[in-house]
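When reading the values below, keep in mind they use all heavy atoms of this one structure, side chains included, and skip hydrogens, waters and symmetry mates. In what follows, chains carry the letters A, B, and so on, assigned in the order in which the sequence lines appear, proteins first and then strands, with residues in each chain numbered from 1.
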There are 2 protein chains.
Amino acid sequence: ALTLSNVRKVYGSDDQQVVALDDVDLTVDDEEILILIGPSGSGKTTLLTVAGALLRPTSGLVDVGGTDVTDLGDKELARFRRDQVGFVFQSVNLVPFLTAKENLLAVRQLGGGRIDKAAKARANELLDELGLADRAGNLPSQLSGGQKQRVAIGRALMNEPALVLVDEPTSALDSKLGRQVMELLHREIKSRGVSAIIVTHDDRVLDFGDRTVEIVDGVLQA
Amino acid sequence: ALTLSNVRKVYGSDDQQVVALDDVDLTVDDEEILILIGPSGSGKTTLLTVAGALLRPTSGLVDVGGTDVTDLGDKELARFRRDQVGFVFQSVNLVPFLTAKENLLAVRQLGGGRIDKAAKARANELLDELGLADRAGNLPSQLSGGQKQRVAIGRALMNEPALVLVDEPTSALDSKLGRQVMELLHREIKSRGVSAIIVTHDDRVLDFGDRTVEIVDGVLQA
Ligand SMILES: Nc1ncnc2c1ncn2[C@@H]1O[C@H](COP(=O)(O)OP(=O)(O)OP(=O)(O)O)[C@@H](O)[C@H]1O
Ligand SMILES: Nc1ncnc2c1ncn2[C@@H]1O[C@H](COP(=O)(O)OP(=O)(O)OP(=O)(O)O)[C@@H](O)[C@H]1O
Ligand SMILES: [Mg+2]
Ligand SMILES: [Mg+2]
């Protein structure tokens, strides 16, 4: 479960301040998929990065599975994120010198784990379900936009995180693939009982969530 | 006008070859907006980069406004692209150390032009129509995904190019902003009589085009 209490995020200082998150209260239960929508610039990515402990809020509390992440030091925070959070960034962010499959396996290594048979089987299975079996050995520069996005989704699911945060998973995908990806995400999240927030402005994604919340100018709408 | 004749693009060599474009014939007239759709990995971005002279085809001809760009040397090609082509990349590609407004003005400088009053007025007008007036002084790292995408669109229109190539303009935008951006693109293209290809998998974009063409596995569908 994830809880944000009175979370505020302000960028900039003095006269050029942007209140990206304005007193946000939000709870996402285990096994719950929350869909987050809102206009461009409304604070969706900011909310996701704060929830995933990638960004410290200006004030307020962030609780992930009982741990107050706003209270952890940088080193503990890094370890926490690595083990507990699966994040799909809006701008993808793959390791440029690793192939699609290596990008997935690297997550296991970062977790201090070894790349054993189970890890490889998991990576192959995810790549297969994402329609990337024949691109597994390619570098990001050799992949299309939608292929890169799918690798990023596979990478976020690799280590079976407790919290899955996805920033616009279908933005580079056509309807058919978008559906395939959402079905995979839905299956993974429900079968492992984790919490998930999926940011999107694709109406077709709404059906895959348990609840939809809208944010406008940093304020969650009732 | 733009004409692709018998265009073929093959990536890789020997046993790991990908035929990204397979004998493509396509003409886009002046003032015509062509919408290009197709599954992820089907060759849309490749077609766009070949049409915009950013990538040389493996074989075939690319004619832009009467110039055979497949026949130009690298230096002439760079100058041609700079003056004749407005390109919005799928992964945005803004200059990270320039603000939104500076990213637009830089295009004028690259063209050997000076940043005069007219250039600044043009930049301000575009930013305004893209809903970015209050973000003009921000760096890309301080902008949301949809805001960056809009800056990229403004930048492609800055120098009034003869050929406008846009790779998924609304992927990071909600419906309302997506419509606003498409109306701007439509207005700009029609009023200047240029040719345009817009790649998308957003059905709402289809209404803004004069014609829709689908590509599947590198082959244009009749
Ligand atoms: N440098 C490269 N080396 C090898 N294969 C490549 C390279 N660049 C692209 N490809 C492959 O060529 C095919 C077409 O890629 P392209 O980027 O044109 O697709 P696309 O239609 O734009 O896809 P998307 O909708 O996902 O953006 C894909 O299968 C891709 O993996
Ligand atoms: N480092 C920063 N400095 C200043 N302002 C910032 C910074 N990062 C983001 N912002 C601003 O905070 C607001 C919220 O940004 P955010 O990225 O969360 O929006 P978003 O809802 O994800 O938008 P999109 O749908 O376009 O991706 C935007 O107005 C953005 O310009
Ligand atoms: Mg965002
Ligand atoms: Mg593409």
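With rounding to the nearest 0.5 angstrom, the CG atom of D174(B) is 12.5 Å from the CG atom of D202(A). Rounded to the nearest 0.5 Å, atoms CD (Q16(A)) and CG (D134(B)) are 8.5 Å apart.
The number of heavy-atom neighbours closer than 6.0 Å to CD of E183(B), taken from other residues, nucleotides and ligands shown, is above 12. More than 12 heavy atoms of other residues, nucleotides or ligands shown are found within 6.0 angstrom of CZ on R187(A). In the displayed structure, D217(B) atom CG is contacted under 6.0 Å by at most 12 heavy atoms of other residues, nucleotides or ligands. For K120(B), the NZ atom counts as loosely surrounded, since its 6.0 Å shell holds 12 or fewer non-hydrogen atoms of other residues, nucleotides or ligands. Other residues, nucleotides and ligands contribute at most 12 non-hydrogen atoms within 6.0 Å of the NZ atom of K176(B). Dense packing is recorded around CZ of R56(A), with more than 12 heavy atoms of other residues, nucleotides or ligands lying under 6.0 Å away.
Only the side chain of N138(B) comes within contact range of chain A, with heavy atoms under 4.5 Å apart. Heavy atoms of Q147(B) lying under 4.5 Å from chain A belong to its backbone as well as its side chain. In this structure, chain A has no heavy atom under 4.5 Å from any part of S42(B). Within the 4.5 angstrom heavy-atom criterion, atoms from both the backbone and the side chain of S171(B) approach chain A. Of the two parts of L177(A), only the side chain, counted from C-beta on, holds a non-hydrogen atom closer than 4.5 Å to a non-hydrogen atom of chain B. S40(A) touches chain B through backbone and side chain together, each having a heavy atom under 4.5 Å away. Using a 4.5 Å cut-off between heavy atoms, V92(A) makes no contact with chain B at all. Contact of Q142(A) with chain B is not made at all, since no heavy-atom distance falls under 4.5 Å.
The two residues S144(B) and G41(A) have their closest heavy-atom pair at OG-N, 3.6 Å. The nearest pair of heavy atoms linking G146(A) to Q90(B) is N-NE2, 4.2 Å.
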- Residue pair R135(B), V18(A): steps toward the side chain to side chain contact (heavy atoms under 4.5 Å, CB included) verdict: CA-CA 10 Å; R135(B) 310 304 291 151; V18(A) 175; 3.4 Å; yes
